[in-house]
Amino acid sequence: MAEPAETAYITTPIYYVNDRPHIGHAYTTTLCDIWARSMRAGGRDVFFLTGTDEHGVKVEKSARARGITPLELANENAAEFRKVMDLFELTYDDFIRTTEARHVSQVQTAVRRLLESGDVYLGEFEGWYDEGQEEYHTETKAKELGYASPISGQPLVRATQTNYFFRLSAYQERLERLFGERPDFVRPEARRNEVLGRLRDGLQDVPITRTNFEWGIPFPGDEEHVIYVWIDALMNYATAVGMCEEPDGDRSRYWPADFHVIGKEILWFHAVIWPAVLMALGLPQPGCIYAHSFWISEGQKMSKSLGNFIDLEQLQGYMSTYGTDALRYFMATQGPQGATDSDFSRAQFHETYTTDLVNTVGNCASRTSAMVDKYLGGTCPARSGEGAVGALDWSDFTSGQVREHLDAMDRFELGRAIEAAMRIIRRVDTYINETQPFKLARDPEESGQVAGILYDCLEAIRIASCLLESTMPARIAELRAAWNLGAASGDLEAECGWGRLEPGTVISKVALFPRLELEEQA
RNA sequence: GCCGAUAUAGCUCAGCUGGCCAGAGCGAGGGAUUCAUAAACCCUAGGUCGCAGGUUCGAGUCCUGCUAUCGGCACCA
């Protein structure tokens with residue numbers, strides 16, 4: 001036990017407290033949770049971070065509308081998000097809030113450093129201003145509005161404001177070099193190409209403070225200004241592990257993150273502004289910015305106007321019907337992790353559940369344990385080696401799948417990782433069909449063969465279950481209990497070694513995933 | 001408007017640098033079987049490979065045009 005465990009650090013975006021939790025939040029966090037659980041199973045020292053973004057004009061306004069303070073609103077909604085995470089049994093190690101003192105003070109420290117280094121300077125911002133509403137609109141938004149106030153109808157005017165800017169333009173070359181040297185820095189590749197395309201158009205400095213609202217972190221030394229979201233929020237990844245404390249915090253060993261997992265809508269900030277800020281602060285870059293796509297709902301884009309968000313109630317409906325693990329499996333294998341959006345439909349969910357979980361994982365474990373029960377009195381037989389029927393080298397086959405699984409998981413390719421485990425299960429089914437232990441069992445002469453075959457099946461399923469545990473922790477725990485497999489060892493690879501299943505272990509019959517009828521939605 | 005993709009069986013998609021009759025999974029239909037959650041297994045899809053041209057001995061696989069769909073277009077004050 002000489003050297004300390006290798007660290008692993010993964011983050012979700014921090015969620016805006018003014019939003020209502022929906023499938024997007026659950027999805028991103030679940031992907032991270034699966035990875036975090038897998039890394040823990042592999043013995044790594046994991047730090048899995050999530051949290052809430054609580055500042056900004058929207059929160060200020062919503063709170064005012066309800067007659068409470070912004071902090072009261074943030075407290076309320078942050079608690080709500082946290083409740084959701086716990087409901088989904090998401091195993092975050094820390095939940096950071098941008099209103100916490102530990103965050104505020106470190107952001108101010110960071111900004112002070114940037115000011116000293118010249119990466120932040122006072123400049124003039126010019127934009128389209130709505131005099132009645134006292135707010136600026138972006139160029140695109142102003143155009144959309146026809147350069148008139150959506151409230152009063154009065155024309156927007158060009159106005160200027162003094163703001164602090166981040167010298168993003170100075171980092172063009174260094175960013176290009178970063179992207180060139182690390183092709184996996186932004187994934188998937190289609191997203192990387194988008195960023196590269198925009199990078200070619202050149203970078204402008206970005207204003208990082210506002211003066212039109214107060215609910216935010218005061219700019220150190222000039223408290224008229226409030227630090228805007230793209231510094232405040234992004235910095236959470238660093239402040240949570242104490243990177244801007246003096247000296248660096250206890251958790252600084254986790255830095256930098258292996259993965260910042262985000263939705264595609266915030267790619268630019270994570271892929272360009274964030275790395276530039278880190279360069280300015282002299283901090284090492286994260287391993288990968290992984291931008292997943294979006295879920296669409298029953299073939300339609302989710303939108304506020306359609307009101308078709310897959311919300312918490314619906315997700316809870318799926319969870320209570322199919323189980324949390326089924327929802328996790330569906331999201332991880334059928335989700336928009338790649339470049340294109342994926343459809344979340346009741347029919348497809350049901351189909352995936354039935355095909356993969358009921359008919360494959362559940363049934364395979366069931367038929368195997370039933371035979372062990374029937375032919376071997378419910379105890380694990382001696383290890384095979386009868387030279388049996390199958391020409392399959394199970395040790396070789398499973399170790400290949402395990403390797404692929406671990407490799408894919410390391411690279412945050414969840415679908416490929418899970419597929420490797422599923423291949424083991426499917427191979428067991430094929431093996432049973434090929435060797436037909438249920439027929440051999442009629443002949444007492446063949447009892448050795450039967451025992452050998454069933455050992456192979458049990459052992460292969462056990463190994464597959466180790467690989468599936470990060471995705472479906474609850475059901476795999478049931479299997480562990482029914483088959484007396486004990487708790488995970490913390491060394492996933494070793495645990496997946498062929499032949500670790502002890503002969504004599506008591507094996508009970510299991511039915512992990514109940515067959516369900518597809519309920520028609522009203 | 002600009003930039004970039006994609007368009008292949010009912011559905012989701014593989015088809016890399018062009019070459020035996022265009023594939024997989026799921027669904028659907030049929031068969032056989034029983035260890036199992038009517039599950040696993042076997043057979044079945046005759047699909048203009050978006051449309052129109054072109055290059056080539058030969059093109060989903062390269063080029064051009066068109067159509068459709070999708071993504072991105074930063075300071076989201």
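Atom set for the values below is all heavy atoms of this structure, side chains included, hydrogens, waters and symmetry mates excluded. Protein chains get the first letters and strands the later ones, always in sequence-line order, with residue 1 at the start of each.
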For this session: Starting from the 5' end of RNA chain B, give me the residue, A:T209 or A:T430, whose nearest nucleotide shows up first.
Result: A:T430
For this session: Have a look at A:F213 and say if it touches a base, only the backbone sugar-phosphate, or nothing, with a 4.0 Å heavy-atom cut-off.
Result: nothing
Exercise. Which is true for A:I273 with a 4.0 Å heavy-atom rule: it touches a base, it touches only sugar-phosphate, or it touches nothing?
Worked result: nothing
Exercise. Just how far, in rounded Å, is C1' of B:C76 from NZ of A:K58?
Worked result: 8 Å
Exercise. Looking at A:W483, does the NZ or CZ of A:R462 lie under 6.0 angstrom from its six-membered ring centre and within 45 degrees of the ring axis?
Worked result: no
For this session: Tell me which nucleotide among B:A39, B:A74, B:G71 gets nearest to the side chain of A:D341.
Result: B:G71
Exercise. What nucleotide among B:C41, B:G72, B:U37 has an atom nearest to a side-chain atom of A:E194?
Worked result: B:G72
For this session: Measure up the A:F219 and A:Y164 rings against each other and bin them: parallel (under 30°), tilted (30 to 60°), perpendicular (over 60°).
Result: parallel
Seminar exercise, completed: Ranking A:V206 and A:N359 by the position along RNA chain B of their nearest nucleotide, the one closer to 5' is A:N359
For this session: Classify the nucleic acid contact of A:S366 as base, sugar-phosphate or nothing, counting any heavy atom under 4.0 Å across all strands shown.
Result: base
Exercise. Do the side chains of A:P336 and A:Y27 get nearer than 4.5 Å, heavy atoms only?
Worked result: yes
Exercise. Is there side-chain contact between A:I310 and A:H22, with at least one heavy-atom pair below 4.5 Å?
Worked result: no
For this session: Determine the interatomic distance between C1' on B:U17 and the same-named atom on B:A59; round to the nearest Å.
Result: 14 Å
For this session: Return the value, rounded to whole Å, for the distance between atom NZ of A:K264 and atom P of B:C73.
Result: 10 Å
For this session: Check every strand shown and say whether A:Q334 touches a base, only sugar-phosphate, or nothing at a heavy-atom separation below 4.0 Å.
Result: nothing
For this session: Could you check if a side-chain atom of A:C288 sits within less than 4.5 angstrom of a side-chain atom of A:D184, using non-hydrogen atoms only?
Result: no
Exercise. So, do A:E54 and A:V59 sit near enough that their side-chain heavy atoms are less than 4.5 Å apart?
Worked result: no
For this session: Assign A:G202 to base, sugar-phosphate, or nothing according to its heavy-atom contacts below 4.0 angstrom with the strands shown.
Result: base
For this session: Quickly work out the A:F269 CZ to B:C73 C1' distance and round it to whole Å.
Result: 12 Å
For this session: Please work out if A:D205 contacts a base, only the sugar-phosphate, or nothing of the nucleic acid, heavy-atom cut-off 4.0 Å.
Result: base
Seminar exercise, completed: Taken to the nearest whole Å, CD/A:E434 to P/B:U34 is 18 Å
Exercise. Closest to the A:R198 side chain: B:U37, B:G72, B:C35?
Worked result: B:G72
Exercise. Rounded to the Å, how far apart are A:Y375 OH and B:C35 C1'?
Worked result: 5 Å
Problem set entry | Identity of whatever pairs with B:C16 - Watson-Crick or G-U, under 3.5 angstrom | none
Problem set entry | Minimum-distance nucleotide to A:K374 side chain [options: B:C75, B:A39, B:C35] | B:C35
Exercise. Would you say the side chain of A:Y237 lies within less than 4.5 Å of the side chain of A:W274, judging by non-hydrogen atoms?
Worked result: yes
For this session: For A:K509, report the nucleic acid contact type (base, sugar-phosphate, nothing); a contact means any heavy atom under 4.0 Å.
Result: nothing
Problem set entry | Value in whole Å for how far the C1' atom of B:A74 lies from CG of A:L196 | 15 Å
For this session: Taking atom P in both B:G54 and B:G60, compute the distance separating them and give it to the nearest angstrom.
Result: 15 Å
For this session: Would you classify B:G46 as syn or anti? Syn applies when the glycosidic angle is within 90° of 0.
Result: anti
For this session: Quick one: label A:R426 by what it contacts on the DNA or RNA (base, sugar-phosphate, nothing), any heavy atom closer than 4.0 Å.
Result: nothing
Exercise. Counting side-chain heavy atoms from C-beta on, which of B:C75, B:A74, B:U37 comes nearest to A:P207?
Worked result: B:C75
Exercise. With sugar-phosphate meaning primed atoms plus P, OP1 and OP2, does A:N163 contact a base, only sugar-phosphate, or nothing at under 4.0 Å between heavy atoms?
Worked result: base
Problem set entry | Nucleotide nearest A:I432 (side chain, heavy atoms from C-beta), chosen from B:C75, B:U37, B:C35 | B:C35
For this session: Write down the distance separating the P atoms in B:C3 and B:G47, rounded off to the nearest Å.
Result: 39 Å
For this session: For A:D429, answer base if it contacts any base atom (sugar-phosphate contacts may also be present), sugar-phosphate if it contacts only those atoms, and nothing otherwise; contact means non-hydrogen atoms under 4.0 Å.
Result: sugar-phosphate
Problem set entry | Interatomic distance at P, B:C73 relative to B:G65, whole Å | 26 Å
Problem set entry | Minimum-distance nucleotide to A:M371 side chain [options: B:C75, B:A74, B:C35] | B:C35
Problem set entry | Whole-Å P distance, B:U67 and B:A52 | 15 Å
Exercise. When you compare B:G10 with B:A28, how far apart are their C1' atoms, in angstrom units rounded to a whole number?
Worked result: 9 Å
Exercise. Heavy atoms under 4.0 Å, any strand shown: does A:Q161 hit a base, just sugar-phosphate, or nothing?
Worked result: base
For this session: Compare the minimum distances between each of B:A39, B:C75, B:G72 and the side chain of A:N363, then state the nucleotide with the smallest one.
Result: B:A39
Exercise. Mind checking the P distance from B:A22 to B:G46? Whole angstroms is fine.
Worked result: 14 Å
For this session: Indicate, with a heavy-atom threshold strictly under 4.0 Å, whether A:G362 touches base, sugar-phosphate, or nothing.
Result: base
For this session: May I ask you to say what A:A370 touches in the nucleic acid, namely base, sugar-phosphate or nothing, with a heavy-atom cut-off under 4.0 Å?
Result: sugar-phosphate
Problem set entry | N/O donor-acceptor pair, side chain A:E351 with base B:C26, under 3.5 angstrom | no
For this session: Identify whether any heavy atom of A:P437 sits under 4.0 Å from a base atom; if not, whether one sits that close to sugar-phosphate; answer base, sugar-phosphate or nothing.
Result: nothing
For this session: Using the C1' atoms only, state how far B:U44 lies from B:C66, rounded to an integer number of Å.
Result: 38 Å
Exercise. Taking the side chain as C-beta and beyond, is there a heavy-atom pair between A:L175 and A:M279 under 4.5 Å?
Worked result: yes
Seminar exercise, completed: Looking only at B:C75, B:C35, B:U37, the nucleotide nearest the A:L512 side chain is B:U37
